[in-house]
Amino acid sequence: MKTEKESSDNDIIASTEKKLRNVRTCLYILILAAIAKFAMTDFYESSFRTWLNVAILFLIVFLVLAVEKGLRKKLRAEKKKAKNNAYEHTSL
């Protein structure tokens, strides 16, 4: 029989995994958009605005990468915590 704490840990882990999947999907779409934007950019008649748009798009990609890295760390910590809690319950 699962205790409330164990089921709560599983819900937190499932929620974090879902967030991580959503962030990865967003990241893949942003990377494809950045590649398309960069490929369609005409650098012969480039202006400051063109460079600014490309730079902003890559900045957004790097920010999403940072969010994804943070979620991965959080997920690892939650799984480790859940594993330690499970070990404590079995050893008692």
Side-chain angles (χ1 to χ4, degrees):
M1 183 174 194
K2 286 187 177 181
T3 63
E4 290 180 24
K5 190 173 186 178
E6 288 175 357
S7 63
S8 175
D9 287 343
N10 290 337
D11 291 341
I12 292 171
I13 290 172
S15 171
T16 305
E17 286 176 343
K18 185 175 180 181
K19 288 177 189 175
L20 187 59
R21 278 194 308 269
N22 290 340
V23 168
R24 284 183 179 158
T25 303
C26 178
L27 181 63
Y28 297 147
I29 292 169
L30 282 173
I31 289 173
L32 287 174
I35 290 170
K37 178 71 176 171
F38 193 72
M40 293 187 310
T41 302
D42 182 20
F43 289 104
Y44 292 113
E45 298 177 14
S46 63
S47 64
F48 180 71
R49 184 166 176 85
T50 303
W51 286 101
L52 186 63
N53 287 339
V54 171
I56 287 172
L57 196 55
F58 280 107
L59 178 67
I60 291 170
V61 168
F62 288 124
L63 288 174
V64 173
L65 274 170
V67 168
E68 195 248 351
K69 185 177 180 181
L71 279 172
R72 275 190 284 139
K73 280 184 180 179
K74 182 179 178 184
L75 184 62
R76 269 191 241 121
E78 287 173 356
K79 282 185 177 181
K80 189 175 185 179
K81 180 180 168 186
K83 186 178 179 181
N84 287 341
N85 285 341
Y87 178 74
E88 288 174 4
H89 288 295
T90 57
S91 64
L92 293 178

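- One hydrophobic cluster, built from ILVMFWY side chains closer than 4.5 Å, cannot hold both I29 and V61; they sit in different ones.
- Closest approach of I13 and K79 over heavy atoms only: CD1-CA, 4.0 Å.
- The hydrophobic clustering, which links ILVMFWY residues whose side-chain heavy atoms are closer than 4.5 Å, places V67 and Y28 apart.
- Note on L63: it does not cluster hydrophobically with L57, by side-chain heavy-atom contacts below 4.5 Å among ILVMFWY residues.
- N22 contributes atom CG, which lies 12.0 Å from atom CD of E17 (distance to the nearest 0.5 angstrom).
- Under a 3.5 Å cut-off, the side chain of S15 and the backbone N or O of D11 do not form any donor-acceptor pair.
- In terms of hydrophobic clustering, with Ile, Leu, Val, Met, Phe, Trp and Tyr side chains grouped at heavy-atom distances under 4.5 Å, L30 and L52 are assigned to a common cluster.
- To the nearest 0.5 Å, the span separating CD1 on I60 from CD1 on I56 amounts to 7.0 Å.
- Once rounded to the nearest 0.5 Å, the distance linking CG of L71 with NZ of K18 reads 14.0 Å.
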From CA spacing to verdict: side chain to side chain contact (heavy atoms under 4.5 Å, CB included), R76, R72: CA-CA 6 Å; R76 269 191 241 121; R72 275 190 284 139; 4.1 Å; yes
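- Once rounded to the nearest 0.5 Å, the distance linking CG of N53 with CZ of R49 reads 5.5 Å.
- Between atom CD1 of residue I31 and atom CZ of residue F58 there is a gap of 9.5 Å, rounded to the nearest 0.5 Å.
- Here the closest heavy-atom approach between residue L65 and residue L27 is recorded as CD2-CD2, 3.5 Å.
- L20 and F62 end up in the same hydrophobic cluster when Ile, Leu, Val, Met, Phe, Trp and Tyr side chains are linked at under 4.5 Å.
- Closest of all the heavy-atom pairs between T16 and E78 is OG1-OE1, 2.9 Å.
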